[in-house]
Amino acid sequence: MPTLADHIQIQPRFAKSANLERDAGRAQPLEGYIVTSRALEAVERMLTVASSQQAGGAWSLTGPYGSGKSSLALLLDALLGPDGATRDLAIALLEAANSDMADLAWAAHDNHDTQETGFRRGLVTAAREPLNRTILRALHSAVLGAFGRIPSTRQFPAAGALKAAIGDADSQDPRRTGPSPGALIEVATCLAKDRPLFLVIDEFGKNLEAIADSSDGDPYLLQQLAEAGQGSGLPIFLMTLQHLSFEDYLSHTDGPQRREWAKVQGRFETVAYVESASQTRAFIGTVFRADRNIRGRIDRWATQQASTMRSLGIAELADPDVVASCYPLHPLAASVLPELCNRYGQHERTLFSFLTSADPASAASYLDAAVLLPEGELPSVGLAGVYDYFVASGTMAGVPVDQGRWTEIATRLRDAPNLTPAQRRLAKSVAVLNLVSTTGVVRASRRLLAEIDPHAPDLLPDLETAGVVTYRDFSDEYRIWQGTDVDIPRRLSRARGEMQQRSLVGILSDIDDPKPVIAARHSAKHDLLRVFARRYVAGGELVEPLDPFSDYDGEVLMVVDPDNPPILAKSSKAAKPVVAAMPTDVAALDDAARECAAVGAVLDDPVVGDDWVARQEVSERLAQACLFRRSCPPIPGEAVRLFRAKASTDSEASRPG
C-alpha cells in the first residue's frame, strides 16, 4: 500500500543547526531560509547604518535557544560578502521578503565601495573562555579571509601585533595573560582602515559566563571595540548573539562589575529576536513538499478543516492555504506546536527536530508509516502524535521545563490501567492541550475534543470514571488528573448550593478587600490628596456615613444591585461625603464570586487539605475561578451611575440623589 511518504517529501534545510565558523561564506546553509519580520528588522538596523555613514555600529542580538540567531548572522555575512553566488542568493532571499531592503544592501556596498570585494568578515562561536581569546579568533579569521594567511607587515601593518597576540594566547607561561587589548584593537583598526570590518560573536553568553565565574573579566576591550566603530570612528560593525542581556549573565557578580558591563551594553543597540506563533507556522510550510497527485486532496481536506477551525474560533487557522501548508499536521497540532516548542523546548530547533528527525514519533516517521487509501479522509499528525514525540518518547526529558505539571501528566497516562487505544489517544490530546493552554479557545473543552474525535462524548465519561481526567464545568475544560479518593465534584456541588443561599454583598465582602481609592481628578485640580474608603453594600441598605474624625476623606459604596440604591441615614452637616457606585449588570460578577467562594470553601475543608492531589486540583480551580472573577466588570466599572449622597434635613433617612 502507498504511504504519505510516496507523495510528500521532507526538505532537509533544518537537518542540523547553523554553525558560523563552519557555514560562513557558503550558499547551502541559506537555501530555503525564510527572512521573517524579525530578521528584516535586524537586517534593516544594520544596513541603514552601513548605507548612510562611514562609521560602523554595535548590536546585541538576544533571543532564546534555537530561535534562528545564527542563521540570521549567516544571512548578514552573505549580504556583506564579496560578489558571487552566496551573496546573490542572500540578496534574492531579501528581495523576496522586502525589495526595499535589498536596495539597502546594495546601498551599503555603494557607500563603502565594496561591490566586488565585500566587507572583511570575522565570524566566531564563543567558548567558555576569556573574551580576548574569542575576539582574537574572530580577527584572525577576518585576516585569513582577506589574505589567505597572516601577511607581511608591508601588506598588513598590524601583522606583528596579530602574531604577538597569537603567541600570547598559545603561551603556557602563567605570567602571560593572553592577547593584550591594545594588540587586538590595533589589528581591528588596521583591517577597518582598508575595508569595513564585520565581526560576529555567537554564543557570547559563554564569554560572559566565564567572566562571571572568574570575576576578573575586563569589559574595556569590548567597549573599545564598540566605540572604535561609532560616531566619527572606523567602519567596524560588531554584533554579539546571546540568550540574555549582558547584565543578566552577570547578575550574581558583585555590584561594580555588573554596573561596568551594563555600561558596555549601553554601547550596543539591543535587538530582541523572538518569532511569533504565526511566523513559526509559516516555517512549517517550508518543510513539506507534496506532489501534484495528492495536492488536490490536501486542498479539499484543508478547506474542510479551516471551516471547522473557524467555527471553533481559532482564527489563525481558518485560512485553507495556511492549513494546507502545514499538512501532514492536523491544524490543532499546528496550533499548539509553537507554544509547546517555546515553553518546553528550544524553539525552532525543537520544532524542526519534531518535523524532520528519524525519531519513531516524528512527523517524518509518520509519513513513512501512514497508509494512503484511495478514498476517504487524509491521515494527519494529531495531538496524540505530538504527545508521543514530546512526552511519551522522553525526547524532551533533558530540557528544563515546568517539571511538576509535565511529570504529573506523563506519569498519570503511563500508569493508567486498562485504557482502550481510542481512550488513550483522546487522553493524550487532553494532555497536550493542558500543557499549552491557560485560557482561551484552544483548551480541552467538550466541543473541541468532539472535533478531535467524534466518539469523544462516549469516551470522556469512561476516562472520568477511570480517574484519568476530571471535568471543570466552570471553565468547560477537561484536565488530566492524578486521582484522589476525595469526591471533589460532590463537595463542590454542595458548596455551590450553600453559596446560592448567601447574599452577594456578603460573599464579595468575604473574598475581596477593596483598597482605598484616590480622587485623582480632584487631587490634581486642587493639589490636595483626597482618599476615599470603599466597601460593598446591598441595594436598599441603610448606610451610616463616615465618622467626621475618620482618616478617610469620604467613602465609595459599591452597590451590588443595579436598580436599588442604598439609603443614607440622617447625618450632621460635618459628615464626610458618600458616593454610591451603581453597576449596570452584576450577573457575571455574581456567578464568578459565588464560584470563587464555593471553591474556596472546599479548599478549606480539612479532608481536602490532607490530600495533596485534591488540594492541588482545588487550588488550580480556585486560581482559575479568581482569574475569571477579576475579568468581570468591576464596581465601579463602565457605565456606572454615581450618586452624591447628601445629608438629609428630614427626620427620616434619605436616598442619594
Side-chain angles (χ1 to χ4, degrees), residues 496 498-601 604 622 625-657:
R496 287 166 181 154
E498 292 172 355
M499 294 306 151
Q500 290 299 325
Q501 305 304 313
R502 293 189 58 192
S503 67
L504 177 57
V505 67
I507 290 175
L508 286 170
S509 298
D510 285 346
I511 67 175
D512 189 16
D513 182 20
K515 303 302 180 186
V517 63
I518 296 173
R521 183 182 301 175
H522 177 89
S523 299
K525 181 178 180 180
H526 298 283
D527 198 23
L528 185 64
L529 189 65
R530 296 294 189 187
V531 180
F532 280 62
R534 292 193 299 164
R535 64 185 170 103
Y536 292 102
V537 298
E541 180 179 337
L542 182 64
V543 177
E544 293 287 342
L546 280 179
D547 186 279
F549 299 101
S550 169
D551 292 336
Y552 296 105
D553 298 294
E555 187 174 37
V556 175
L557 306 177
M558 295 184 290
V559 188
V560 300
D561 186 340
D563 301 315
N564 193 11
I567 301 171
L568 183 63
K570 180 182 178 182
S571 61
S572 68
K573 294 183 178 180
K576 295 187 176 181
V578 178
V579 177
M582 302 290 295
T584 55
D585 185 7
V586 293
L589 180 63
D590 190 304
D591 291 342
R594 294 183 192 280
E595 180 69 13
C596 280
V599 179
D604 291 337
L622 181 60
C626 290
L627 181 65
F628 181 75
R629 184 183 66 79
R630 287 193 294 270
S631 70
C632 295
I635 304 173
E638 294 183 3
V640 300
R641 302 195 303 275
L642 298 179
F643 296 84
R644 169 66 186 271
K646 300 178 181 178
S648 174
T649 57
D650 300 330
S651 59
E652 299 180 357
S654 65
R655 292 182 182 273

Heavy-atom pair of closest approach, residues [X] and [Y]:
X	Y	answer
Ile511	Ala593	CD1-O, 3.8 Å
Val559	Ala580	CG2-CB, 4.2 Å
Pro566	Val543	CB-CG2, 3.8 Å
Lys576	Phe549	NZ-C, 4.4 Å

Can you sort out the partners of Asp510 under side-chain hydrogen bond (donor to acceptor under 3.5 Å, both in side chains), two or more places apart, ordered by chain and number?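 Per chain and number, Asp510 pairs via side-chain hydrogen bond (donor to acceptor under 3.5 Å, both in side chains) with Arg502.
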Partners of Asp512 by side-chain hydrogen bond (donor to acceptor under 3.5 Å, both in side chains), sequence neighbours excluded?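 Once residues adjacent in sequence are excluded, the partners of Asp512 under the side-chain hydrogen bond (donor to acceptor under 3.5 Å, both in side chains) criterion are Tyr536.
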For Asp551, give me all partners under salt bridge (charged side-chain N to carboxylate O under 4.0 Å, His left out), at least two apart in sequence or on another chain.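 Partners of Asp551 by the salt bridge (charged side-chain N to carboxylate O under 4.0 Å, His left out) criterion come out as none, since no residue qualifies.
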Heavy-atom check, side chain of [X] versus side chain of [Y], under 4.5 Å:
X	Y	answer
Asp585	Pro562	no
Arg629	Leu589	yes
Leu568	Pro545	yes

Rounded to the nearest 0.5 Å, how far apart are OG1 of Thr584 and CG of Asp563?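 Result: 10.0 Å between the selected atoms.
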Working to the nearest 0.5 angstrom, can you tell me the gap between Met499 CE and Gln501 CD?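 The distance works out to 10.5 Å.
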Summary of salt bridge (Lys or Arg N to Asp or Glu O under 4.0 Å) pairs that have at least one residue in residues 539-549, sequence neighbours excluded: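 For residues 539-549, and leaving out neighbouring residues, there are no salt bridge (Lys or Arg N to Asp or Glu O under 4.0 Å) pairs at all.
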Determine all donor-acceptor pairs shorter than 3.5 Å in which one atom belongs to a side chain in residues 520-528; sequence neighbours excluded.
unit_1, atom_1, unit_2, atom_2, d
Ser523, OG, Ala519, O, 2.8
Ser523, OG, Leu528, O, 3.2
Ser523, OG, Arg530, N, 3.0

Check step by step if side chain to side chain contact (heavy atoms under 4.5 Å, CB included) holds for Arg535 and Leu557. CA-CA 5 Å; Arg535 64 185 170 103; Leu557 306 177; 4.0 Å; yes
Pairwise side chain to side chain donor-acceptor pair (under 3.5 Å) hits with a residue in residues 591-601, at least two apart: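 Of all non-adjacent pairs touching residues 591-601, those that pass side chain to side chain donor-acceptor pair (under 3.5 Å) are Arg496-Glu595, Asp590-Arg594.
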For Val531, what residues pass the side-chain contact (heavy atoms from CB on, under 4.5 Å) criterion, not counting sequence neighbours?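 Testing Val531 for side-chain contact (heavy atoms from CB on, under 4.5 Å), a comparison that skips the adjacent residues, returns Pro516, Ile518, Leu529, Tyr552, Asp553.
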